[in-house]
2 protein chains.
Amino acid sequence: MRPLTHPSIEDITVEGILHALSDPVRAAIYARLACAERANTCSAFLQLDDRTIPKSTLSQHFRALREAGLIRSERRGVEMLNTTRCEEIQQRFPGLLQAIIQAHSIQSAGHGKPTPRRKGAAAKAKAG
Amino acid sequence: MRPLTHPSIEDITVEGILHALSDPVRAAIYARLACAERANTCSAFLQLDDRTIPKSTLSQHFRALREAGLIRSERRGVEMLNTTRCEEIQQRFPGLLQAIIQAHSIQSAGHGKPTPRRKGAAAKAKAG
DNA sequence: TCATAAGTTCGTATGTTGCGAACTATTGAA
DNA sequence: TTCAATAGTTCGCAACATACGAACTTATGA
């Protein structure tokens, strides 16, 4: 078990961020971490959007997020506490994470998954 | 040779956009298309950032961009004219593409490729 | 020392990507 | 027509990436 490695802020790349967040599972994890009040364990995500993620897969996803520089993970006894590094990234790439998270929420709103409340949202998008 | 397919605007996904732009070659192509005055052919990108991209690889990259909804391609005689669909996407996911392109340019500026001018930029980022 | 719990790593099956070779349009001669 | 040239596409395979069950490591508490 190698010790946890986090890239320094100047080693974080846009490609890495985009690739990490182009996976729906990782994007969901990151979104939940981003609006969490306090750190979350990995196992808090074994249930994600009505779907069960295997433990080993989850571990890989957390590693991907960590190595992309999106989250910081810290051992705390037997478990692991994960937080986002959004302030750092906001400094380096202003507006990037915010735009991505907002886009994800626009999309899931349109697909009627969360907040299936407002009526004209999906219809309006057809103006292409 | 199947006819060119473009997704309708409501079928464009954030995951698809992020994945397409997480590749440095595609990101470079898209960035150049985005600030181009008029449509560009595929072969205009055979030379990209001091690097030669094989024709077949380039074709795959254009297909990826097209199917992600990022560009529109149109046959014009023997060649193909490519333009971005940024206005449509801006409507659906406001600020997303702008933030990504800006982040890419911040990054390449930091790596001393274009505008290798300012001095303390890299050192200051170490405050992580 | 043992059981349990939280994550990680390994092995393998399956998917994705890069690129040369062969192919398909389209155009413009002859 | 037929031929050559040009712009892209598709095929096939090797290399790389990903998902997940099984086995492992590390920390904790009885």
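In what follows, chains are A, B, ... by sequence order, proteins preceding strands, each numbered from 1. Since this is a predicted model, take the numbers as computed values, not measurements.
Nucleotides of DNA chain D with any atom under 4.0 Å from a heavy atom of chain A span, from 5' to 3', D:dT18 to D:dT28. Note that the first and last nucleotides of DNA chain C, 5' to 3', having any atom under 4.0 angstrom from a heavy atom of chain B are C:dT17 to C:dT27.
A pairwise comparison of heavy atoms in B:Ala20 and B:Ala64 identifies CB-O, 4.5 Å as the closest pair. Pairing each heavy atom of A:Arg72 with each of A:His6, the nearest pair is CA-NE2, 3.4 Å. Scanning all heavy atoms of the two residues, the minimum distance from A:Leu21 to A:Ala27 falls at O-CB, 3.7 Å. The two residues B:Leu33 and B:Asn82 come nearest to each other via the heavy atoms CD2-O, 3.6 Å. For A:Met80 against A:Leu4, the heavy-atom pair with the smallest separation is CE-CD1, 3.3 Å. In terms of heavy atoms, A:Pro7 sits closest to A:Ala68 at CG-C, 4.3 Å.
Note on A:Ser43: only backbone sugar-phosphate atoms sit closer than 4.0 angstrom, heavy atoms only; bases stay farther off. Looking at heavy-atom distances under 4.0 Å, A:Arg66 makes contact with sugar-phosphate atoms alone, never a base.
Applying the 6.0 Å contact sphere to CD of B:Gln90 captures more than 12 heavy atoms from other residues, nucleotides or ligands.
Judged by closest nucleotide on DNA chain D, A:Pro54 is the one of A:Pro54 and A:Arg76 placed further toward the 5' end. Positionally, the nearest nucleotide of DNA chain D for A:His61 lies more toward the 5' end than for the other of A:Arg75 and A:His61.
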Please tabulate, one pair per line, all N/O donor-acceptor pairs under 3.5 Å involving side-chain atoms of residues 39-48 of chain A, not counting sequence neighbours.
| from | atom 1 | to | atom 2 | distance (Å) |
| --- | --- | --- | --- | --- |
| A:Asn40 | ND2 | A:Arg38 | O | 3.0 |
| A:Thr41 | OG1 | A:Ser43 | OG | 3.3 |
| A:Thr41 | OG1 | A:Ala44 | N | 3.3 |
| A:Gln47 | OE1 | A:Thr52 | OG1 | 2.5 |

